[in-house]
Asker: 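Let me begin by handing over the structure; questions about it come next.
In what follows, every heavy atom counts, from backbone to side chain, and hydrogens, waters and symmetry copies are set aside. If you're wondering where the values come from, they're calculated on a predicted model, not measured in any experiment. Sequence positions, counted from 1, serve as the residue numbers for this chain.
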Amino acid sequence: MEGVLDGLTDAQAEAVTSTGAPLVILAGAGSGKTRVLTRRIAYRVAEGSADARHVLALTFTRKAAGELRGRLGALGVREGVAAGTFHAIAYAQLRQRWADAGQAPPTLLERKVGFLARLLGPRGRRDATVQPVDLVAEIEWAKARLVSPASYEAAVAAAGRKPPISASAMAALYGRYEDEKRRRGVVDFDDLLLRCIDSLVADPAFAAAQRWRFRHLFVDEFQDVNPAQAALLGAWRGDNADLCVVGDPNQAIYAWNGADPSHLVEFARREPGATVVRLDDNFRSSPQILAVAAGVLAGGGVRTDHRPHRPDGPVPSIRNYGSDRDEAQGIARAVRGKRRPGSAWSRIAVLVRTNAQAVLLEEAFRAAGIPFRVRGGATFLKQPEVQSALGEMASTRGGLGAGLADLASEIAELGDDGPAADRRAVLAELVRLGHEYLTLDPSAGVDGFTAWLSATVGGDAGDSGADAVEIATFHAAKGLEWPVVFLAGLERGLVPISRAKGDDALDEERRLLYVAVTRAEEELHCSWAKERTYGERRLPRQPSPWLDDIEAARSAIAAGGSLRDQLDRIQEERRRLRATDGRGSRRPGITIGADADPNVLAALKAWRSAAARAAGVPAYVIFHDTTLAAVAEARPSTRVALLALPGLGPVKAERYGADLLRVVAEHLAS
């Protein structure tokens, strides 16, 4: 038993040995949560308060379950513990139940997209505005939230959710999908959870047997639990208090997919007598990277108290490029420069917000001879929408040019929200590549284009498990770590994503950036492009507003001061300005900028016009009217007061702050 506690911090040892039941362990990024979870199981088995044969450890991936079993084996717990996903455990229980009853198990439907596509008919399958995969995702969201076809319309209205088709049509399709499954005697993976819940509720003997079998329950990544999984966990538990959950509310990034982080956040309130243990030590990232991570969350009003245990590293960098292609090529050069002699390529990762962003990186890495793999998804050429589009173009009369024109028309019909926006971005990349190929060969056909694609952005070099740089989306990177991380495309519209509407969605986007930042151990490099190509269009871009928070952290690190102190001052000034008119008078409910001094505002606009002419850019690139109105209202006299205003982060304050303060001071003096 003593060996189980070796090398643990005081907080980790408390989490491992606590007699609290139920117990929630709030484990920050890099705090060693898997280590603590496995040590707690091993400790309880060793000291006799848990029998390995009655332990159930729930994870969210088969890989995580395998890692947990491996770690337990190394700690001497080599058999008895059941570890798996909610779906795997539910399926095993249901199969045993069906076998005991002499019933043949239903067929498990593994390809929901094709099954649903057949319900749409030929006309529905040709509709460019919606794809079966989007409809399947919507049904999965509903089932994760325990929403039936009959209650679907009310549920999406209450959630403010925009379905891929009208809510009434979606509800009808959902109902047909369920009816057709019943008629054919098949179940999908989501049905496994729902059927297991129903069986546990309806059959007391079955419930008693499962609760006897699994008396000690452990759940990893509890912030990712959805209502269906929470209901199943409750059915497995009954009135059993022997439950330990581990999670990090700052890594809750799957609400869009049905996850409900309130199960973790409100655990202590929902579970009377629950014990709470916090793990705030960070063993993964350098103090400088943790400062940036804290700055990202602090910008949204969330405080973190990570205690770094790694040595100092370089200050995270921010770089802008002229275009997205320049960015990809610049990252490729930087990646090659970061590879130390004799070191592995796999020490380095490039993280992006969307799959479509990876295309130019694939091109640049292939041209630079850098081995890479795309984690968490197919490479560009293997993505279903790309393969489907190429197949349609091959059957289009008029050759590649006509096919690209048709595809461009279809893209214009796609929406800007949800999965449709992601598909639109991917297909826009295909159009861009098609026109690039036509400039090389104006008479090219679709076959030649496909062959060229295979050579340019075809299968990656990492399929065989060879040493390679990782390219991954922010979501796919969760749970992973690399010594050197590049975050690409930190632009407004990507970070946060343009479809994120409302405070909850924006908060999740901010947590997603935090997850991406905390994947880095030693070095973090951030970048954005001033221009990005979408199909045939080149659009100007603006940096992510959250780069200001990263820049604030960088400034604090460079000054040798406390990041926490600086953020405290800025946040306090923001709170004061929200509550007063900038001169101490209370004015609840009034929008900042509504009381702007007209003379100061006119002077600020005149200064902005001159600055824009000198820089050769539109005036709004310097500052929006709302920002100038906020300055004219607050009339700041210090840089800290300036930083507290909306639209004014450290980058613009450094560039234009002195001029703003000068204009304000001149008019106050007069």
Side-chain angles (χ1 to χ4, degrees), residues 22 53-62 64-65 68-69 80-110 112 115 136 139-152 155 174 177-182 184-222 224-245 254 257-260 263-264 270:
R53 296 168 298 179
H54 296 290
V55 170
L56 173 60
L58 293 159
T59 65
F60 278 81
T61 65
R62 292 190 300 272
L68 189 146
R69 284 191 292 267
V81 171
T85 65
F86 281 85
H87 291 85
I89 300 299
Y91 193 30
Q93 291 182 357
L94 288 171
R95 288 184 66 87
Q96 185 61 55
R97 175 174 168 78
W98 292 327
D100 291 344
Q103 299 176 357
T107 301
L108 188 59
L109 179 63
E110 296 186 1
K112 288 184 279 190
F115 185 90
V136 166
I139 290 174
E140 290 175 345
W141 174 86
K143 289 191 170 187
R145 291 279 175 176
L146 299 172
V147 173
S148 67
S151 60
Y152 174 80
Y174 182 10
Y177 173 75
E178 294 299 299
D179 291 342
E180 186 66 10
K181 283 194 293 134
R182 280 191 291 270
R184 297 193 182 193
V186 299
V187 295
D188 61 29
F189 281 98
D190 301 309
D191 292 330
L192 300 178
L193 302 187
L194 304 180
R195 287 206 176 193
C196 196
I197 294 169
D198 291 343
S199 297
L200 291 164
V201 171
D203 188 342
F206 176 64
Q210 300 310 317
R211 292 166 189 165
W212 177 88
R213 170 71 176 87
F214 297 125
R215 307 173 198 175
H216 321 292
L217 303 174
F218 299 82
V219 187
D220 194 11
E221 302 285 9
F222 199 64
D224 295 335
V225 166
N226 63 41
Q229 291 163 333
L232 179 55
L233 179 64
W236 278 332
R237 283 181 67 191
D239 58 3
N240 178 15
D242 195 352
L243 169 67
C244 171
V245 303
Y254 293 111
N257 201 29
D260 186 352
H263 291 294
L264 174 66
R270 294 180 177 181

Asker: So H216 and H54, would you call those rings parallel, tilted or perpendicular, with 30° and 60° as cut-offs?
Answerer: perpendicular
Asker: Measure the shortest side-chain to side-chain distance between L56 and I89 over non-hydrogen atoms and say whether it is less than 4.5 angstrom.
Answerer: yes
Asker: Test ring pair (Phe, Tyr, Trp, His ring centres under 6.0 Å) on Y91 and F189; report intermediate values, then the result.
Answerer: CA-CA 9 Å; Y91 193 30; F189 281 98; 7.6 Å; no
Asker: I need the minimum non-hydrogen distance between P149 and E178, along with the two atoms involved.
Answerer: CG-CG, 4.1 Å
Asker: For Q229 and F86, work out which heavy atoms get closest and say how close.
Answerer: O-CE2, 3.5 Å
Asker: Give the minimum heavy-atom separation between R237 and L243, together with the two atoms involved.
Answerer: NH1-CD2, 3.5 Å
Asker: So, R215 side chain and D242 main chain: donor-acceptor pair closer than 3.5 Å or not?
Answerer: no
Asker: Minimum heavy-atom separation for A228 to I197, with atom names?
Answerer: O-CD1, 3.5 Å
Asker: Take atom CZ in R213; do more than 12 heavy atoms of anything else shown fall under 6.0 Å from it?
Answerer: yes
Asker: Just checking R62: does its CZ atom have more than 12 heavy atoms from other residues, nucleotides or ligands closer to it than 6.0 angstrom?
Answerer: no
Asker: Roughly how far, to the nearest 0.5 Å, is CG of L94 from NE2 of H87?
Answerer: 11.5 Å
Asker: Quick one, Q93 and F214 - any side-chain contact, counting heavy atoms below 4.5 Å?
Answerer: yes
Asker: Enter the distance from R270:CZ to L264:CG here, rounded to the nearest 0.5 Å.
Answerer: 10.0 Å
Asker: Could you walk me through whether L217 and L58 satisfy the side-chain contact (heavy atoms from CB on, under 4.5 Å) test, starting with their C-alpha distance in whole Å, then the side-chain angles of each, then the deciding distance to 0.1 Å, before giving a yes or no?
Answerer: CA-CA 8 Å; L217 303 174; L58 293 159; 5.6 Å; no
Asker: Given D188, which partner from the list R195, R182, K181 fulfils the salt bridge (charged side-chain N to carboxylate O under 4.0 Å, His left out) test?
Answerer: K181
Asker: Taking atom CG of L194 and atom CG of L146, what is their separation to the nearest 0.5 Å?
Answerer: 6.5 Å
Asker: Taking all atoms of both residues into account, what is the closest heavy-atom pair of A142 and Y174, and its distance?
Answerer: CB-CE2, 3.7 Å
Asker: To the closest 0.5 Å, what do you measure between CG (D191) and CG (L108)?
Answerer: 9.0 Å
Asker: Does the side-chain contact (heavy atoms from CB on, under 4.5 Å) test come out yes or no for L68 and D220, once each step is laid out?
Answerer: CA-CA 10 Å; L68 189 146; D220 194 11; 5.7 Å; no
Asker: Go through it in stages, so that I can follow the logic: the residues are F206 and D100, the test is side-chain contact (heavy atoms from CB on, under 4.5 Å), and I'd like the CA-CA distance, side-chain angles, deciding distance and then a yes or no.
Answerer: CA-CA 11 Å; F206 176 64; D100 291 344; over 6 Å; no
Asker: Please report the interatomic distance CG(N226) to CZ(F60), rounded to the nearest 0.5 Å.
Answerer: 7.0 Å
Asker: Of all the heavy-atom pairs spanning R97 and S199, show the shortest one and how long it is.
Answerer: NE-OG, 3.4 Å
Asker: Got a second to check how far T59's OG1 is from R69's CZ, nearest 0.5 Å?
Answerer: 8.0 Å
Asker: Under 4.5 Å between any side-chain heavy atoms of R145 and D260, yes or no?
Answerer: yes
Asker: Might you work through the side-chain contact (heavy atoms from CB on, under 4.5 Å) test for W236 and L200, ending with a clear yes or no?
Answerer: CA-CA 8 Å; W236 278 332; L200 291 164; 3.6 Å; yes
